[in-house]
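Accompanying notes for the structure given below.
Chain letters run A, B, ... following the sequence lines, proteins first and then strands; every chain starts at 1. Reckoned from all heavy atoms, side chains included, excluding hydrogens, waters and symmetry mates.
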There are 2 protein chains.
Amino acid sequence: MLREEKLYTTSSDYVYDELLHKILMRQLKPGERLAEVNLAVALGVSRTPVREALRRLASQGLLEIIPNVGARLVSPSQKDVEDTFKVRSVLETTAMRLALQNMDDANLEDLEEVVAQEEKAIRRGEFEEYLAVNEDFHRIIAHLSGNEVLESFIKNCIARISIYTAIIDSPIHEILESSLSEHKKILEAIRERDVSKAENSMEEHMINTSNFLFSYGKKMV
Amino acid sequence: MLREEKLYTTSSDYVYDELLHKILMRQLKPGERLAEVNLAVALGVSRTPVREALRRLASQGLLEIIPNVGARLVSPSQKDVEDTFKVRSVLETTAMRLALQNMDDANLEDLEEVVAQEEKAIRRGEFEEYLAVNEDFHRIIAHLSGNEVLESFIKNCIARISIYTAIIDSPIHEILESSLSEHKKILEAIRERDVSKAENSMEEHMINTSNFLFSYGKKMV
DNA sequence: CTTATATACATTGGATTCAAAATGGGAGGA
DNA sequence: TCCTCCCATTTTGAATCCAATGTATATAAG
C-alpha cells in the first residue's frame with residue numbers, strides 16, 4: 001500500500017485518497033466489507049483517521065455504514081446505476097458546453113494527448129492505465145467548465161459508476177474501443193467548436209456506455 | 001440545543017443533523033468558525049463524533065477544514081453561488097420532468113398543501129417556518145423524481161445556497177412573494193401535466209431567485 | 001435433527017489522553 | 001513607534017482505552 005509519493009497533511013486525507021483510488025481502479029468490489037482495524041493496520045495508522053475517511057466516503061454515497069455493524073462498499077442496483085448515468089449525462093453535457101467557452105488551444109492539446117494515451121493503453125492492454133486516462137478525459141472537461149460544484153458532482157458520479165463496473169473482472173475490448181471512438185468524436189466537435197455536436201456526442205457517449213454496461217451485465221447472469 | 005425528538009443511533013449523526021439544520025435555517029454565518037470543543041460541549045458529546053460530523057459536512061462542500069487550524073463554514077463568492085444555481089437549475093428541471101411522470105394525486109395534494117403553508121408563513125411573518133416549507137417544496141419534487149443521486153445533489157445545492165443567503169438578516173418580502181408566485185406557477189403546470197411548462201417555470205424560478213439574491217446583495221454593498 | 005439459548009469473541013462507538021501545530025501576547029531591540 | 005522573537009495558551013491530530021453492540025459458536029432441550 002503505497003501512494004506515499006504525495007505528502008499528506010493529515011492521515012485522514014491519506015486514508016481517504018487511498019480508498020478512493022482503490023474504488024476508481026476497481027480494486028474493491030461492490031458490497032465488500034471494510035473493517036476499520038484491517039484498514040488501519042494495512043495503512044499504518046490508527047482507527048481514528050480510518051473512521052473519519054469512511055464517514056466521508058459514506059456521505060458521498062460510496063459506502064454504506066450500518067451503526068454497530070460496519071462499513072461496506074455500496075452494492076448498486078441496475079436502477080441505481082441508470083439513475084447515476086441519467087444525472088451524469090445532464091451534468092457532463094452542461095460541463096461540455098461551459099468547457100467549450102473556456103477552452104484554449106493548450107487545453108485542447110491536453111485532451112488530444114489524453115485520448116492518444118487512451119489508445120496506447122488499449123493497444124498495449126494496460127487496463128489500469130486506461131482507466132486512469134479515461135477518467136482524466138472526463139475530469140479535464142469537468143474542470144474546464146470552471147464550475148467547481150459541477151466538477152465535484154461529476155467526479156462523484158464517476159466514482160459511483162466505478163463501483164458498479166468493478167464487477168467486471170476482465171476488460172471488455174468492445175467497450176473500450178467504442179468508448180475511445182466516442183471520445184474522438186467529442187474531441188472532433190471541440191476542435192470544430194461545435195457546441196451542439198459536442199453536447200450531443202457527450203450525451204450519446206453516456207447513453208452508450210450505460211447500455212453497454214447492462215448488455216454485458218445481462219450476459220453474465 | 002434540542003432536536004432530540006428524533007432518536008439517533010449514533011452521536012455523529014446527531015451532531016451532523018444538528019449542524020445541517022442550523023445551516024438550512026441560516027443560523028450559521030458564512031466563514032463562521034466551528035471549534036470542536038465548543039460544539040462538543042454545546043451538544044453534550046465528546047470531540048470524536050463532532051470531528052466526524054465536521055468531516056462529512058466538509059466533504060459536501062459546506063465547511064472548509066484547514067489542517068491544524070480548524071473548520072469554518074465556507075464563505076461562497078458570488079461566482080460560487082451563481083455556479084451552484086446553474087447546476088441546481090439543470091438538476092431541478094430534470095427532477096421536475098421525472099417527478100411529473102411519477103406523481104399521483106396524493107403527491108399533488110401534498111405539494112398544494114406545502115404551497116398553502118408557504119403563503120401562511122409569509123402572511124404571518126414566520127420566517128423560519130417559511131424557510132422550512134420552501135425547502136420542503138423542492139425536496140418533495142426531488143424525491144418524486146425517484147432518482148436518489150439526483151435528490152442528494154439537489155439537497156446539496158440547497159444547503160450551499162442556504163449558507164450564502166444567511167448573510168441576509170431580515171427576510172426580503174419582495175423575494176418571498178415572488179418565490180411564492182413562482183411555486184404556484186409550477187404547481188399549475190403540474191396540475192395541467194404540462195411537462196415543458198413545468199420545466200420552464202422551474203428554470204425561471206432558479207434564474208429569478210439567483211438574480212434577486214444578487215440585486216439584493218449589491219444594495220448591501 | 002432442529003431449534004433455542006447462553007456464552008465467548010470480534011467489532012464498532014465514543015471518551016480520553018498525549019503530542020504537535022498554530023495562535024496570541026509580551027518583552028526586547030532597532 | 002514598529003518590528004521581531006520567544007513563550008504561554010489554545011486547538012487540532014491521532015492513538016489508546018473502555019463500554020456496548022453484534023456475531024458466531026457451542027451446548028442443551030424439544
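- Whole-Å rounding puts the B:Leu34 CG to D:dT10 P distance at 20 Å.
- Candidate nucleotides C:dA15, D:dA14, C:dT12 were compared by shortest atom distance to the side chain of B:Pro49, and C:dA15 ranks first.
- If you measure from atom CD of A:Glu36 to atom P of D:dT16, you get 15 Å, rounded to the nearest angstrom.
- As rounded to whole Å, 13 Å separates atom C1' of D:dT23 from atom CD1 of A:Ile66.
- Formation of a donor-acceptor pair under 3.5 Å by the A:Asn156 side chain with backbone atoms of A:Gln60 is found in this model.
- Ranked by how close their nearest DNA chain C nucleotide is to the 5' end, B:Glu52 and B:Arg47 are led by B:Glu52.
- Between D:dT12 and B:Arg51, no contact under 4.0 Å exists linking OP1 or OP2 to a side-chain N or O.
- Remark: B:Thr10 is not in phosphate contact with C:dG13, judged by side-chain N or O atoms under 4.0 Å from OP1 or OP2.
- Here A:His143 pairs with nothing under the ring pair (Phe, Tyr, Trp, His ring centres under 6.0 Å) rule; sequence neighbours left out.
- A:Arg55 has a side-chain polar atom (N or O) that falls below the 4.0 Å cut-off from OP1 or OP2 of C:dG13.
- Of the candidates C:dT11, D:dT12, C:dG13, the closest approach to any side-chain atom of A:Ile65 belongs to C:dG13.
- Between A:Asn38 atom CG and C:dT11 atom C1' the separation is 10 Å, expressed in whole Å.
- If you check D:dG13, D:dT12, C:dG14 against the side chain of B:Asn68, the one that comes closest is D:dG13.
- Salt bridge annotation for A:Glu36-A:Arg51: present, with a cationic side-chain nitrogen under 4.0 angstrom from a carboxylate oxygen.
- Atom OH of B:Tyr14 is separated from atom C1' of C:dG13 by 17 Å (rounded to the nearest Å).
- Here A:Phe85 and A:Tyr164 keep their ring centres 6.0 angstrom or further from each other.
- Put simply, the side chain of B:Thr48 and the base of C:dA15 share a donor and an acceptor less than 3.5 Å apart.
- Candidate nucleotides D:dG22, D:dG13, C:dG14 were compared by shortest atom distance to the side chain of B:Ser12, and C:dG14 ranks first.
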